[in-house]
Amino acid sequence: MIREAIVGIGIAITVFFAYLGTNVLPLVLLIGLLFAISVVVEKRGVVSTGHREHPSSHRVEFENIGGQESAKRELMEALDFLRHRDKIKSLGIRPLKGILLTGPPGTGKTLMAKAAATYTDSVFVSASGSEFVEMYVGVGASRVRDLFKKARSLARKEGKDSAIVFIDEIDVIGGKRGGGQGHQEYDQTLNQLLTEMDGMQTTSNPLVLVVAATNRVDMLDPALLRPGRFDRQIKVDLPDKEGRLHILKIQTANKPLAKDVDLESIAKESYGFSGAQLESLTNEAAILALREDKQEIETRHFRDAVDKVLLGEKTGKRPSSEELLRVSVHELGHAIASESVRPGSVAHITIAPRGNALGFVRQVPQQDSYLYTKEQLEGQMKVALAGAVAEELIFGNRSTGASNDFMQASNLARTIVSCGLSSLGIVDADNLQRNVLDEEIRKILSDIEKLTIELLEPFKDGIRQLSQTLVEEESMTGDAFRQWLSRQKPKQFAHA
Ligand code: ADP
Ligand code: MG
Ligand code: ZN
């Protein structure tokens with residue numbers, strides 16, 4: 001604005017003096033200088049508010065977001081009031097001021113907010129809760145004010161009727177108030193946000209909509225959730241298998257895949273991954289292909305990338321050959337138990353140290369399940385204990401490598417007791433006498449351990465042989481393992 005005025009007046013004056021026959025060179029230089037200063041001031045203005053504005057070239061559309069079908073539908077419905085403002089007005093509906101997106105990190109909440117801006121043809125400004133929190137009282141509040149001011153001026157500048165203000169990590173400023181321990185700064189920032197939202201005129205132009213994201217709704221001050229504030233909550237959860245497949249398709253659309261790559265089975269193997277982890281998975285797979293100088297990404301690149309995202313980069317740890325043999329035996333114990341409990345469940349066995357783990361059996365979940373029977377819980381306990389049991393069978397002793405497994409097994413035993421599935425019947429585990437609970441857990445564990453020994457005993461020689469191979473090869477696919485297994489005990493594992 002200032003810049004245009006300076007240029008306009010400058011040109012007028014210069015032309016006027018030139019017309020009078022004066023030397024205009026100094027004047028031209030002066031105007032040039034003023035112009036340069038105005039550019040710098042304007043740029044600084046943008047930087048100093050600390051909020052990001054998003055150039056329209058980085059548009060995100062709802063179709064770029066995988067899974068999340070119900071969240072997308074709910075959000076689009078809520079946004080219709082921005083797209084059909086006249087209808088809303090004629091029916092006298094109170095327009096929405098705030099939408100809260102809740103869910104774990106990396107599930108696409110930021111993407112959703114950006115897609116909302118594209119869908120409603122709004123400008124998009126964003127800030128994160130942590131950016132508002134500073135040592136100096138009042139800074140957070142004035143940043144909130146700036147953010148809203150910015151949204152309005154940007155909308156006017158770009159000739160848009162609406163603006164979306166996205167506040168990530170809103171729990172940082174929107175935690176429950178009056179905790180008492182000098183949270184004055186947080187309170188002022190939150191109060192300012194509430195003031196802005198309450199003052200938002202639903203008839204004004206541009207119309208402002210606040211979209212906020214958090215993974216801790218329970219932490220939020222109830223004042224934020226009242227009608228007229230964030231009165232629409234949308235859950236953005238971890239994707240299920242179909243969702244993961246959809247995200248994988250989106251994230252590999254620009255990548256050359258080898259013919260053997262089956263995204264469906266990768267979606268199966270990446271149980272529990274968020275959208276951000278799936279993005280990282282496809283990227284890691286491409287990097288592994290690049291390292292091998294391949295033109296296309298192959299299945300094993302994806303498989304290695306799953307391990308890497310789960311457990312971190314392969315570490316420089318170099319276990320001794322005795323240790324490697326022990327880790328192999330241990331992992332094969334887990335793998336045999338896993339196949340016996342749930343045929344087809346082993347996806348990958350590896351003894352390459354990654355993160356904290358020396359070895360690892362990755363299991364394929366059959367489907368995403370939310371309820372477990374006692375048999376399933378006992379099966380999982382067998383799988384957990386089988387590592388140590390295999391060590392015991394082959395070496396006659398155990399190592400410290402199984403401490404995690406034991407913790408997992410005793411947690412499962414505790415679940416059996418507290419869900420009323422143990423011999424104690426329906427009990428309140430919290431009020432159970434300590435020694436009674438401990439005794440029951442110990443009994444469950446030792447029963448399952450006996451069953452696990454019986455299960456692995458027939459495979460003793462087989463484990464001895466295969467563990468040598470595993471030490472050399474470092475990893476083994478689930479299919480190769482099942483083929484080996486079918487040669488060991490064709491009767492017991494008839495499926496293979
Ligand atoms: P959140 O805000 O929930 O923490 P983001 O929206 O910031 O998650 O997601 C981070 C990145 O992860 C995105 O830029 C995208 O690459 C990927 N991603 C996350 N969720 C999805 C999804 N549902 N579909 C496609 N990509 C996703
Ligand atoms: Mg985010
Ligand atoms: Zn183990």
Side-chain angles (χ1 to χ4, degrees), residues 52 54 58-72 75 100-117 124 126-130 166-171 211-216 234-240 242-254 267 270 273-283 309 311 326-338 349-351 353 356-363 380-392 398-409 452:
R52 299 172 294 271
H54 296 259
H58 292 296
R59 286 173 159 264
V60 177
E61 314 247 354
F62 277 117
E63 62 194 57
N64 307 131
I65 303 174
Q68 311 301 359
E69 292 310 318
S70 64
K72 282 198 285 193
L75 182 55
L100 189 63
L101 303 175
T102 68
T107 45
K109 297 183 290 298
T110 308
L111 286 181
M112 293 269 215
K114 287 184 183 170
F124 182 83
S126 74
S128 174
S130 49
F166 177 60
I167 303 178
D168 208 352
E169 301 179 69
I170 192 160
D171 44 296
V211 179
T214 180
N215 55 350
R216 300 295 315 269
I234 296 176
K235 273 187 100 161
V236 187
D237 262 330
L238 287 175
D240 60 8
E242 283 307 307
R244 293 196 295 275
L245 178 60
H246 190 179
I247 296 172
L248 283 170
K249 281 184 181 153
I250 291 171
Q251 300 292 358
T252 52
N254 62 348
S270 50
F273 276 36
S274 69
Q277 281 175 313
L278 291 168
E279 191 276 334
S280 154
L281 161 69
T282 57
N283 196 50
V309 173
L311 300 168
R326 187 182 277 278
V327 174
S328 295
V329 165
H330 180 105
E331 299 309 330
L332 288 176
H334 283 313
I336 293 171
S338 180
I349 308 170
T350 172
I351 58 159
N356 290 324
L358 286 177
F360 189 60
V361 174
R362 187 150 47 71
Q363 288 179 286
Q380 287 178 28
M381 286 169 69
K382 277 189 207 165
V383 177
L385 294 177
V389 167
E391 286 186 55
E392 180 92 52
R398 299 176 173 188
S399 69
T400 55
S403 59
N404 255 337
D405 296 339
F406 290 151
M407 199 134 70
Q408 203 192 336
T452 313

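Source: prediction; values computed, not measured. All ligand and atom numbering here is 1-based and tracks the order in the structure. For the single chain, residues carry numbers from 1 onward in sequence order.
- Looking at Thr107 against ligand 1, both its backbone and its side chain come within 4.0 Å, counting heavy atoms.
- Of the heavy atoms in Gln251, only side-chain atoms (C-beta onward) come closer than 4.0 Å to ligand 1.
- Atoms of ligand 1 lying under 4.0 Å from any heavy atom of Lys109, numbered from 1 in the order shown and given with element: 1 (P), 2 (O), 3 (O), 4 (O), 6 (O), 8 (O).
- For the ligand labelled ligand 1, residue Ile250 lies outside the 4.0 Å heavy-atom shell.
- The Zn ion (ligand 3) is closest to atom NE2 of His334 (considering only N, O or S atoms).
- Of all protein heavy atoms, the one lying nearest to atom 27 (C) of ligand 1 is Leu111 CD1, 3.5 Å.
- Nearest non-hydrogen protein atom to atom 2 (O) of ligand 1 is Thr110 OG1, 2.7 Å.
- Each of the following atoms of ligand 1 lies closer than 4.0 Å to a heavy atom of Glu279: 16 (O).
- Using a 4.0 Å cut-off to heavy atoms of Ala276, the atoms of ligand 1 that qualify are 12 (O), 17 (C), 18 (N), 19 (C).
- With a 4.0 Å cut-off on non-hydrogen atoms, Asn64 touches ligand 1 through its backbone and not its side chain.
- Atom 18 (N) of ligand 1 has its closest protein heavy atom at Gly275 C, 3.6 Å.
- Proximity to Pro105 (heavy-atom distance under 4.0 Å) selects the following atoms of ligand 1: 4 (O).
- The atom of His330 that is an N, O or S and sits closest to the Zn ion (ligand 3) is NE2.
- For the ligand labelled ligand 1, residue Gly106 lies inside the 4.0 Å heavy-atom shell.
- Restricting Asp405 to its N/O/S atoms, the shortest distance to the Zn ion (ligand 3) is reached by OD2.
- Here Leu385 contributes atom CG and Glu392 contributes atom CD; the two are 12.0 Å apart, rounded to the nearest 0.5 Å.
- Between Ile170 and Leu100 the shortest side-chain heavy-atom distance falls below 4.5 Å.
- Looking only at heavy atoms of the protein, atom 23 (N) of ligand 1 is closest to Gly66 O, 2.9 Å.
- Look at Glu331 and the Zn ion (ligand 3): no N/O/S atom of the residue is under 2.8 Å from the metal.
- In terms of protein heavy-atom proximity, atom 8 (O) of ligand 1 is nearest to Gly108 N, 3.2 Å.
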